[in-house]
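Below is one structure, written out as structure tokens; comments come after it.
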Amino acid sequence: MAMSTALWSFALVVGLLTLTPGLDTALILRTSALGRRGRAWGVVLGIQTGTLLWGALTSLGVTALLTASHLAYTTLRWVGAAYLVWMGIRMLRDTFRGLPAPDAHDSALLAGTDSVGAGWRQGTLTNLLNPKMGAFYVAVLPQFIPVGASHFTMGLLLTTVHILIGLIWSAVLIGFARVLHGWLRKPRARRLLDRITGTVIAAFGVRLALGD
């Protein structure tokens with residue numbers, strides 16, 4: 001397989017994966033739609049940081065150990081599932097504690113909760129605690145490395161393609177969410193969004209725990 005063919009073929013595979021609605025999409029849309037644009041980009045950068053680490057570790061052969069060790073994979077799966085379920089339940093719980101006044105919400109945003117760093121930590125943890133990302137890279141990445149090419153160099157190049165596609169799609173999501181920002185300034189709308197997002201995140205965690 002020629003390098004150009006490998007790059008285009010891999011871009012098609014990860015492009016379809018990126019466009020499929022999932023946990024990352026829910027987090028980015030929810031964070032951006034609430035007006036936390038800085039934090040939303042932090043989430044995006046965190047997710048892509050996790051992708052870079054998975055790609056680098058796969059290229060080094062480290063994540064092959066994860067898939068080879070049932071105990072290691074199961075442990076990471078349960079830790080990731082617990083984190084996601086906790087995040088989803090906390091989000092759902094907060095919607096039943098009463099609706100914040102619009103002024104209070106705006107003040108919170110101005111006080112510094114719109115943090116790129118906080119979003120980055122959330123995005124990175126969410127990505128790294130998902131062992132299916134590691135399993136995907138171990139199973140798929142080697143298939144697109146041409147014979148004779150450096151596994152590490154080519155692996156990082158393919159991972160970069162994945163990251164660029166992810167950044168472009170995330171920019172589209174954030175732009176779309178900005179259209180909804182006016183509607184989501186209403187407390188009831190924010191509560192509805194948090195309940196939907198919390199349910200999606202918690203359900204993803206349960207699905208991960210069950211190994212589906």
Side-chain angles (χ1 to χ4, degrees), residues 18 20-51 53-54 73-134 166 169-170 173-212:
T18 301
T20 303
L23 178 62
D24 294 348
T25 300
L27 281 176
I28 294 169
L29 280 176
R30 184 258 179 185
T31 307
S32 181
L34 291 181
R36 300 181 176 95
R37 193 170 186 177
R39 186 180 178 110
W41 275 111
V43 170
V44 171
L45 294 176
I47 290 170
Q48 302 312 324
T49 297
T51 299
L53 288 173
W54 280 122
Y73 181 85
T74 301
T75 300
L76 183 58
R77 177 163 60 88
W78 277 102
V79 171
Y83 172 72
L84 294 176
V85 171
W86 170 78
M87 187 192 306
I89 290 177
R90 187 181 65 170
M91 196 175 293
L92 288 170
R93 179 199 63 193
D94 289 345
T95 66
F96 292 99
R97 287 186 167 181
L99 297 172
D103 290 344
H105 175 68
D106 294 340
S107 297
L109 290 179
L110 294 174
T113 55
D114 187 15
S115 167
V116 174
W120 179 84
R121 288 190 295 273
Q122 184 180 34
T124 303
L125 273 176
T126 300
N127 189 284
L128 290 181
L129 289 177
N130 182 4
K132 290 188 176 181
M133 276 294 295
W169 179 238
S170 296
L173 291 176
I174 290 175
F176 173 74
R178 295 296 295 175
V179 176
L180 301 177
H181 178 51
W183 176 67
L184 287 168
R185 290 177 67 87
K186 300 176 181 179
R188 291 186 181 277
R190 293 203 305 273
R191 182 174 63 181
L192 175 62
L193 178 64
D194 278 358
R195 286 182 178 177
I196 293 173
T197 307
T199 301
V200 169
I201 292 173
F204 190 91
V206 171
R207 181 182 177 187
L208 183 60
L210 296 176
D212 294 335

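FYI, side chains are in, hydrogens and waters are out, and symmetry mates aren't considered; it's all heavy atoms of this structure. Just so it is clear, the model here is predicted, and its values are computed rather than measured.
- The structure places CG of N127 at 9.0 Å from CG of L23, a figure rounded to the nearest 0.5 Å.
- Note: W120 CH2 to S115 OG = 11.5 Å, rounded to the nearest 0.5 Å.
- In this structure I89 satisfies the side-chain contact (heavy atoms from CB on, under 4.5 Å) test together with V85, sequence neighbours excluded.
- When the side chain to side chain donor-acceptor pair (under 3.5 Å) test is applied to R195, the partners found at least two apart in sequence or on another chain are T95.
- Between W54 and N130, the closest heavy-atom pair is CZ2-O, 3.7 Å.
- Every residue meeting the side-chain contact (heavy atoms from CB on, under 4.5 Å) condition with S170, not counting sequence neighbours, appears here in chain and number order: I28, V44.
- Residue T126 holds its OG1 atom at 7.0 Å from CD1 of I47, rounded to the nearest 0.5 Å.
- Applying the side-chain contact (heavy atoms from CB on, under 4.5 Å) criterion to L53, with sequence neighbours excluded, gives T49, L128.
- In this structure, T25 has no side chain to side chain donor-acceptor pair (under 3.5 Å) partners at least two apart in sequence or on a different chain.
- A pairwise comparison of heavy atoms in T31 and A40 identifies CG2-N, 3.5 Å as the closest pair.
- Residues passing the side chain to side chain donor-acceptor pair (under 3.5 Å) test with W169, sequence neighbours excluded: none.
- Residues passing the side-chain contact (heavy atoms from CB on, under 4.5 Å) test with A202: none are found, sequence neighbours excluded.
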